[in-house]
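Proteins get letters first, then strands, A, B, ... in listed order; numbering begins at 1 in each.
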There are 2 protein chains.
Amino acid sequence: MQAKDIILGLLMQGPMSGYDIKQHYEVSLGHFFDASYGSVYPTLKQLEKTALIEKETIIQEGKPNKNLYSITDQGKEQFYQYLFSPIQADIYRSDILARLYFGKFGDAQSLIERLQEAVIQRQAQLAQLEHAYHMHKQDLSAPRLISLQFGMEDYKAQISVFQKGIQYLRSEESFEFWER
Amino acid sequence: MQAKDIILGLLMQGPMSGYDIKQHYEVSLGHFFDASYGSVYPTLKQLEKTALIEKETIIQEGKPNKNLYSITDQGKEQFYQYLFSPIQADIYRSDILARLYFGKFGDAQSLIERLQEAVIQRQAQLAQLEHAYHMHKQDLSAPRLISLQFGMEDYKAQISVFQKGIQYLRSEESFEFWER
DNA sequence: AGCGGCATGTAAGCTGTTACATGATTAC
DNA sequence: GTAATCATGTAACAGCTTACATGCCGCT
């Protein structure tokens, strides 16, 4: 799974601009994929060059012009090829878990603060997914609902572990430094 | 957080070879970091060149020679600099969630099979973490235990969502294709 | 006879990020 | 007046992966 597969998938649902695509990343895809504009625009350009998508420039009033991209038949074919290809393993990379893993080399207080921040941040992401879920649950396909549930349950589990962790570290806080 | 930070952290616990480091990735770090040998060996080389670590070659009988690396004082300083630097956002990229997200363009049967595989795979990872947790819980620091708990609870939540998802898709299976 | 574990390393290439560059409109 | 939203793009570079290359030992 790469940027181009996700973009093709989004265009399967209808024409979109690069900006629209990035919005989707942030709203309903963010819990399993994200990429910057520095990836979106060059990818669109490349997909257009290989005729998998087509560009139409929309002149807007009061707003900058917009490049609306649509998927072509070749693009659809390419997307189905992705959809039925073998599944790649997930990639999860977490700095906060690394700080926990090596936590004994630091101090309890700053770890607790960082966990609190991590909780707040995940609560915000959870709220966003819950919003999307309840707003659109009537019009979303069964598998898409599962992908949103995954994100929500995942965040809930993470928040719960972090909150218990904070309690636990607080109860040992008198140590300040660990010796293990 | 990059490969070099993790390697430095592992060497804080004692000397290790590139092979040992990769083993650690697979056992107790795998749920939040992984990298191939093609990253491990060049990184070690570069860290040695900048005097953050030192190499000692161990001649072994019946086994290939081993390069044991130890962290230097400069390396420790560098590690602490990482440990107290701002935390980077997590990165999660999931192909199976993408397949769910775009599931309406495929068929229910193959999605169900893929979810079943995903469950089995996560159950194996969970079992591995549980093993590590119960084996070493006496000698691990509080924060490290939290990092393992995180992995375990995360996998449990994911397995649960996937299992419920399989049930749900099965109940709609007669459709074979969706129209939303 | 062959596979899995132990052990190290390189080269080419892919995929993405960061930082830069631009600029109008709308809401506070 | 200033921040956010809408909107597009490039160039340099970082940081990995994949595939290749080597070779002995112990088990089955």
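Side-chain proximity of A:Lys66 to the nucleotides D:dC16, D:dT8, C:dT17 is greatest for D:dT8. Closest to the A:Gln60 side chain, of the nucleotides D:dA7, C:dT10, D:dG9, is D:dA7. Looking at the side chain of A:Tyr19, the nearest of the listed nucleotides C:dC6, D:dC6, C:dG9 is D:dC6. Among the nucleotides D:dT8, C:dT8, D:dC16, the one closest to the side chain of A:Tyr37 is D:dT8. In the set C:dC6, C:dG9, C:dT10, the nucleotide with an atom closest to the side chain of B:Gln23 is C:dC6.
B:Arg99 and A:Ser85 are linked by a side-chain donor-acceptor pair at a separation below 3.5 angstrom, with hydrogens and angles left out of the test. One side chain, A:Glu113 or A:Gln109, offers a donor N or O that lies under 3.5 Å from an acceptor on the other. In this structure, a donor-acceptor pair under 3.5 Å is absent between the side chains of B:Gln149 and B:Glu153. A:Thr57 and A:Asn65 are not linked by any side-chain donor-acceptor pair at a separation below 3.5 angstrom, with hydrogens and angles left out of the test. Between B:Asp20 and B:Tyr69, the side chains place no donor N or O within less than 3.5 Å of an acceptor N or O (distance only, hydrogens not considered). Side-chain atoms of B:Asn67 and B:Tyr19 form no donor-acceptor pair, as typed in the model, at a separation below 3.5 Å. Using a 3.5 Å distance cut-off with no hydrogens or angles, the side chains of A:Ser94 and B:Tyr92 do not pair a donor with an acceptor.
OP1 or OP2 of D:dT17 sits under 4.0 Å from a side-chain N or O of B:Ser36. At D:dC16, one or more side-chain N or O atoms of A:Arg93 fall inside 4.0 Å of OP1 or OP2 (strictly under the cut-off).
If you take CD1 of B:Ile91 and C1' of C:dT15, they are 12 Å apart, rounded to a whole angstrom. For the pair B:Gln46 CD and C:dT8 C1', the computed distance is 18 Å after rounding to whole Å. Protein atom CE of B:Met1 is 9 Å distant from nucleotide atom P of D:dC16, rounded to whole Å. The distance from atom NZ of B:Lys22 to atom P of C:dG9 is 16 Å, rounded to the nearest whole Å. The interatomic distance linking A:Leu47 (CG) with C:dG16 (P) rounds to 11 Å, in whole Å. Per the geometry, NZ belonging to B:Lys49 stands 14 Å off P belonging to C:dG9, to the nearest Å. Rounded to an integer number of Å, the gap from A:Tyr69 OH to D:dA7 C1' is 12 Å. Rounded to whole angstrom, the span from the CG atom of B:Asp20 across to the C1' atom of C:dC6 amounts to 10 Å.
Heavy atoms of A:Gly38 sit under 4.0 angstrom from at least one base atom.
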Polar-atom pairs under 3.5 Å, protein N or O versus N or O of nucleotides 20-23 of chain D: list them with distances, or write none.
none

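Comparing A:Asn65 and A:Lys45 by the nucleotide of DNA chain D that holds the closest heavy atom to each, the one mapping nearer the 5' end is A:Asn65. If B:Gly18 and A:Gln2 are placed on DNA chain C by their nearest nucleotide, the residue sitting closer to the 5' end is B:Gly18. Where A:Ala35 and B:Tyr41 meet DNA chain C, the nucleotide closest to each residue was compared, and B:Tyr41 sits on the side nearer the 5' end.
Every residue meeting the ring pair (Phe, Tyr, Trp, His ring centres under 6.0 Å) condition with A:Phe150, not counting sequence neighbours, appears here in chain and number order: B:Phe162.
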